[in-house]
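Every heavy atom of this structure was used, including side-chain atoms; hydrogens, water molecules and symmetry mates were not. Order of the sequence lines sets the chain letters (A, B, ...), proteins ahead of strands, with each chain counted from 1.
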Amino acid sequence: MTPSALADLVRSAAAEVLAARGLDTGALPEAVIVERPRNPEHGDYATNVALQVAKKVGLAPRELAEALANALAGTDGLDSAEVAGPGFVNLRLATDAQGELVRQVLVQGAAYGCGDEFGGLAVNLEFVSANPTGPIHLGGTRWAAVGDALGRILTVRGAVVTREYYFNDAGAQIDRFVASLVAAARGAEPPEDGYGGAYISELASEVVRAEPGVLELPDGQRDEVFRRTGIELMFEQIKRSLHDFGTDFDVFFHEDSLHASGAVDEVLEQLKRSGRLYHADGAWWMRSTEFGDDKDRVVIKSDGAPAYIAGDIAYLADKRSRGFDLCIYMLGADHHGYIGRLKATAAALGDDPDVVEVLIGQMVNLVSEGKPVRMSKRAGTVVTLEDLVDAVGVDAARYELARYSVDSAVDVDLDLLRKNTAENPVFYVQYAHARLASLQRNAAELGLPPVAGTDGSQIDLGLLSHPREGDLVRTIGEFPKVVARAAELREPHRIARYLEELASAYHKFYDAARVLPQGDEEATPTTFARLALCEAARQTVANGLALLGVSAPDRM
RNA sequence: GCCCUCGUAGCUCAGGGGAUAGAGCAACCGCCUCCUAAGCGGUAGGUCGCAGGUUCGAAUCCUGCCGAGGGCGCCA
């Protein structure tokens, strides 16, 4: 029995109890909470529903719990239902009903954990979007790992996700980037406010190699060549490192294209016509305060040039015109002021502000010798995506960055990276998968029929009666709920934390129970029941790691 | 000054209305003639920043304060 089936069972029993007493069944919560108590004495599962509704319907919590327990007692698949504490009902499943879950995982395979509560919602997920003026640094790397995982998680819960990267390839920032390239190519010092890292001179040489004679062109033409070629080379480098990191995008959107196509002018005209803009102090302002922003925003500067936000407005309009129901932006904490502005933009465009959802993640800090290291392109202390991957590999890097809530700032310890340490929890999880894969290999070598790919109907899963077996089954059973919750809250780290729990439950089981026959022993029904359980565990670990974009190795 | 996030074991962090607050790492003591010891068991380690409030019940929700980080441009 799955946890959700159990929850349904509890809810209908509770409804019957209330109805039998002529009480309002509407007092019941939509989703009854059935959770796994941390104390095993409190049963396999426990529900607090009696505590939640007793007051509403005017009953003592324990009295209601008592009635609920009586109604549940004797239900098919339940071994016991007992009242405890202030009004909890503790439940124990019959072993065969519990083992049924293993069969479901075998049948569902890679689809175990999927759901459809998003029902085809078209989601635009924009993340990383680092400026194309340099390589992806650690902050961007965090979003690459978390955003990619979120995309996978939303997808398996029924959303149709488009992953998008917004290149800010217009404006003064790019001008400085180009000027820095030109200076480097000419062997000059980088300009004030320019970029001076080693990658700049390498890029500059590449431009010269690709376009010989560029330095002899008149300044205007020369800069144009550096702009076009330099940006293109930088793009390629960024795309390549993201791809190598396992993060691919459906759309790389160029801010420049919004200006070139006239989309910016068009949307600004539209806003003027609809009275969303006003003219003051020589500039055009958006009335964003009317839509909850802190202050009105300049969208056309007094020199006539569009402000940065103008591109954002046109970009959102573009996303909506492409049919997205929900536009998610993943931004760093230094952009939290964007929330109000982007939502106001949606409102100004005549949209529901809720089509815009901004996820703010805290910063990634560098630590060395216990002290924070300030990242600086000039000082050469920028750590890039490649640096991280070189130090620990893609799997460890992705896992490490995805296992923390984005609400908490992450400290990356440079010394630890240099040590190439094996202290990362990713190994704990991957090792569980490798052990499980190894079990299936060994079973095959013993000539046992494979469990994977069958529906397990020939196997007596009621034999899984050891406490460690029950723990493992129930932990596996939590997976769909965890994925759903991660999708709902946009919190991929829940997957990683769950996997650590699952790996732990497996390692404990493995330690306590022998799976394969030893020596001259024959395979028994228990052998097959355990092999099925192990295959269900392996499948679940593999599905979870896939959501994080981390490999599930068969050997380590 | 205003806004956002955080403050939980020595360290890094989960848990975000439920029962005796958890994991990894670090420390200490045990466990491989046997399916992968990158594992398992045990010991030790806590005023969940502080003070009020809401509730049958608060680490969790609300208010204030303290501390840390990040924002508050006609920059992008």
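- For residues 44-55 of chain A, the set of pairs meeting the salt bridge (charged side-chain N to carboxylate O under 4.0 Å, His left out) definition, not counting sequence neighbours, comprises A/D44-A/R474.
- Residues A/F479 and A/Y498 bring their aromatic ring centres within 6.0 Å.
- Here A/D312 lies out of heavy-atom contact (under 4.0 Å) with every strand.
- Under the side-chain hydrogen bond (donor to acceptor under 3.5 Å, both in side chains) criterion, the residue pairs touching residues 502-522 of chain A are A/R435-A/H507, with sequence neighbours excluded.
- When heavy atoms are screened at a 4.0 angstrom cut-off, A/A60 is found touching no nucleic acid atom at all.
- Aromatic stacking is not marked for A/H335 over B/G71, as the cut-offs of 5.5 Å for the centres and 30° for the planes do not both hold.
- A salt bridge between A/D175 and A/R227 is present, with a side-chain N of the basic residue lying under 4.0 Å from a carboxylate O of the acidic one.
- In this structure, A/K343 is not positioned above the aromatic face of A/Y329 in the sense of NZ or CZ being under 6.0 Å from the six-membered ring centre and within 45° of the axis.
- In this structure, A/A172 reaches the sugar-phosphate backbone alone: every heavy-atom distance under 4.0 Å involves primed, P, OP1 or OP2 atoms, never a base.
- The residue among A/N131 and A/R441 whose nearest nucleotide of RNA chain B lies closer to the 5′ end is A/R441.
- Ring stacking holds between A/F88 and B/A19, with the centres under 5.5 Å apart and the planes within 30 degrees of each other.
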Passes side-chain hydrogen bond (donor to acceptor under 3.5 Å, both in side chains), A/Y45 versus A/N90? Steps please.
CA-CA 6 Å; A/Y45 295 94; A/N90 296 336; over 6 Å; no
A correct 5'-to-3' footprint of nucleotides 1-14 of chain B, with B, S and - meaning base, sugar-phosphate only and no protein heavy atom under 4.0 Å, is --BSSS-----SSS
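- As judged by a 4.0 angstrom heavy-atom cut-off over every strand, A/R485 is placed among residues making no nucleic acid contact.
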Quick one: which protein N/O atoms are closer than 3.5 Å to N/O atoms of nucleotides 54-58 of chain B? Pair and distance per line, please.
from: B/C56; atom 1: OP1; to: A/K55; atom 2: NZ; distance (Å): 2.1

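- A/Y338 contributes a side-chain N or O that forms a donor-acceptor pair with the base of B/A76 under 3.5 Å.
- Here A/Q173 pairs with A/N131 under the side-chain hydrogen bond (donor to acceptor under 3.5 Å, both in side chains) rule; sequence neighbours left out.
- Counting non-hydrogen atoms under 4.0 angstrom, A/W285 reaches a base of the nucleic acid.
- Nearer the 5' end of RNA chain B, as judged by each residue's closest nucleotide, is the contact made by A/E491, out of A/E491 and A/R38.
- A/H507 comes within contact range of the sugar-phosphate backbone alone, with a heavy-atom separation under 4.0 Å but no base atom that close.
- Nucleic acid contact for A/D554: base, since at least one base atom lies under 4.0 Å from a heavy atom of the residue.
- Looking at A/D193, its side chain has no donor and acceptor atom pair within 3.5 Å of the base of B/A76.
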Please convert RNA chain B into dot-bracket. A pair counts if it is Watson-Crick or G-U wobble with both distances under 3.5 Å; crossing pairs go in [ ] and bases paired with another strand get |.
(((((((..((((....[...)))).(((((.......))))).....(((((..]....))))))))))))....
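- Using a 4.0 Å heavy-atom cutoff across all strands shown, A/A443 reaches no nucleic acid atom at all.
- Within the 4.0 angstrom heavy-atom criterion, base atoms lie near A/N39.
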For a side-chain contact (heavy atoms from CB on, under 4.5 Å) check, start with the C-alpha distance between A/L548 and A/L499, then their side-chain angles and the critical distance, and finish with the verdict.
CA-CA 10 Å; A/L548 299 177; A/L499 285 174; 4.1 Å; yes
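- Look at A/E126 and A/K319 and you find a salt bridge, because one of the NZ, NE, NH1 or NH2 atoms lies within 4.0 Å of a carboxylate O, short of that distance.
- Under the 6.0 Å cut-off for aromatic ring centres, A/F167 and A/H254 qualify, their centroids lying closer than that.
- Ring pair A/F252/A/F235: centre-to-centre distance not below 6.0 Å.
- Between A/Y315 and A/F253, the ring center distance clears the sub-6.0 Å criterion.
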